[in-house]
Amino acid sequence: MEAPHSPAPAVSLQLTVNSPQQMGELGRRLAKILRPGDLVMLTGELGAGKTTLTRGLGEGLGVRGAVTSPTFVIARVHPSLGDGPPLVHVDAYRLGGGLDEMEDLDLDVSLPDSVVVVEWGDGKVEDLSDDRLHVVIHRAVGDTTDEVREVTLRGLGGRWAGADLTVLSA
Ligand SMILES: Nc1ncnc2c1ncn2[C@@H]1O[C@H](COP(=O)(O)OP(=O)(O)OP(=O)(O)O)[C@@H](O)[C@H]1O
Ligand SMILES: [Mg+2]
C-alpha cells in the first residue's frame with residue numbers, strides 16, 4: 001500500500017543514461033524546466049550518479065560554486081550567478097530526524113525561492129512539499145561497463161500535472 005504522502009504520479013518518464021556526461025546533460029536539461037520552490041528528490045545507491053546529475057543541474061541553473069558530494073555538510077547553498085533561483089543541495093544521509101533537522105539547519109535562503117535537490121531524502125523530506133519530482137537512478141542490469149543507468153522521473157502533485165518531461169529525453 002502506498003503511504004498517504006505518496007500520491008499517484010502526475011507525470012513520469014523513463015530514460016537510459018549511458019555515461020556520466022549524459023547524466024550531466026540530463027541535469028542541464030532538467031534545469032530548464034525547474035522553477036523556484038521545486039523539490040527534487042534523488043534516489044539511488046552509492047555511486048548511482050545523484051551528485052553527477054545535481055552538478056549538471058547546477059551548471060544549467062548557472063549557480064556559483066562546484067556541486068560536490070556534501071560529505072561534511074548536510075546542505076550547501078549555491079547562489080545564482082544571474083537572476084535565477086539558488087540551488088540548495090542537501091545530502092540527507094546523516095539527517096536522522098528528517099524535516100525538523102532540515103529546518104534547524106537554518107539555511108540562509110528561502111526554500112520557496114530556491115530549487116531544492118535532496119539526496120537520500122526518502123522518508124525524510126516528503127513533508128516539505130506535496131509537489132515533488134522523484135528521480136530514481138539504478139545501475140542497468142547486466143551492464144559490465146558500470147556506465148549505464150536507468151533513470152525514472154516521477155512528478156507528484158499539481159505542479160507536475162501536465163508538465164512536459166519529454167524535453168529531457170530529446
Ligand atoms: N551514467 C552515469 N551517470 C552518472 N555517473 C556515472 C555514470 N557512469 C559512471 N558514473 C560514475 O559513477 C559515479 C557517480 O558518483 P556520484 O557521486 O554522482 O553518485 P551518488 O549517487 O551521488 O553517490 P552517493 O550516494 O555516494 O552520494 C561517478 O564516479 C561517475 O563518474
Ligand atoms: Mg552524492
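For ligands, and for the atoms within them, numbers begin at 1 and follow the listed sequence.
A salt bridge does not link R132 with E126: every distance from a Lys NZ or Arg NE/NH1/NH2 to an Asp or Glu carboxylate oxygen is 4.0 Å or more. A salt bridge between E25 and R29 is present, with a side-chain N of the basic residue lying under 4.0 Å from a carboxylate O of the acidic one.
Between V118 and A92, the closest heavy-atom pair is CG1-CB, 4.0 Å. Closest approach of D113 and P86 over heavy atoms only: O-CD, 3.5 Å.
Scanning all protein heavy atoms for the shortest distance to atom 10 (N) of ligand 1 gives R149 NH2, 3.4 Å.
Of all the atoms in ligand 1, the ones that sit under 4.0 Å from a non-hydrogen atom of W120 are 25 (O). Distances below 4.0 Å separate heavy atoms of E45 from the following atoms of ligand 1: 21 (O). Less than 4.0 angstrom separates some heavy atom of V17 from each of these atoms of ligand 1: 1 (N).
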Exercise. Mind running side-chain contact (heavy atoms from CB on, under 4.5 Å) on L153 and L168 for me, showing each step along the way?
Key: CA-CA 10 Å; L153 300 106; L168 300 176; 3.9 Å; yes
Quiz prompt | Steps toward side-chain contact (heavy atoms from CB on, under 4.5 Å) verdict (T54, E119) | solution = CA-CA 9 Å; T54 309; E119 300 187 35; 4.1 Å; yes
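The atom of E119 nearest to the Mg ion (ligand 2) is OE1, with the search restricted to N, O or S atoms.
In E119, the part holding a heavy atom less than 4.0 Å from any atom of ligand 1 is the side chain. Residue contacts with ligand 1, taken as heavy atom pairs separated by less than 4.0 Å, involve M23 solely via side-chain atoms from C-beta onward. Using a 4.0 Å cut-off between heavy atoms, D146 contacts ligand 1 through its backbone alone, with no side-chain atom that close.
Checked by distance only, ligand 1 and G44 stay at 3.5 Å or farther apart across all their nitrogen or oxygen atoms. Note: no N/O pair closer than 3.5 Å links N18 and ligand 1 by distance alone. Taking any N or O of G47, backbone or side chain, at least one lies under 3.5 Å from an N or O belonging to ligand 1. Considering backbone and side-chain N/O atoms, D91 never comes within less than 3.5 Å of an N/O atom of ligand 1.
Between the CG atom in L26 and the CZ atom in R149 there is a gap of 13.0 Å [rounded to 0.5 Å]. Separation of atoms NZ (K32) and CG (L57) is listed at 11.5 Å; rounding is to 0.5 Å.
Protein heavy atoms come within 4.0 Å of atom 19 (O) of ligand 1.
The distance from the Mg ion (ligand 2) to the nearest N/O/S atom of D91 is not under 2.8 Å. Because the distance cut-off is set at 2.8 Å, T51 qualifies as a neighbour of the Mg ion (ligand 2) through one of its N, O or S atoms.
V125 and Y93 fall into different hydrophobic clusters, where Ile, Leu, Val, Met, Phe, Trp and Tyr are joined by side-chain heavy atoms under 4.5 Å apart, directly or via other members.
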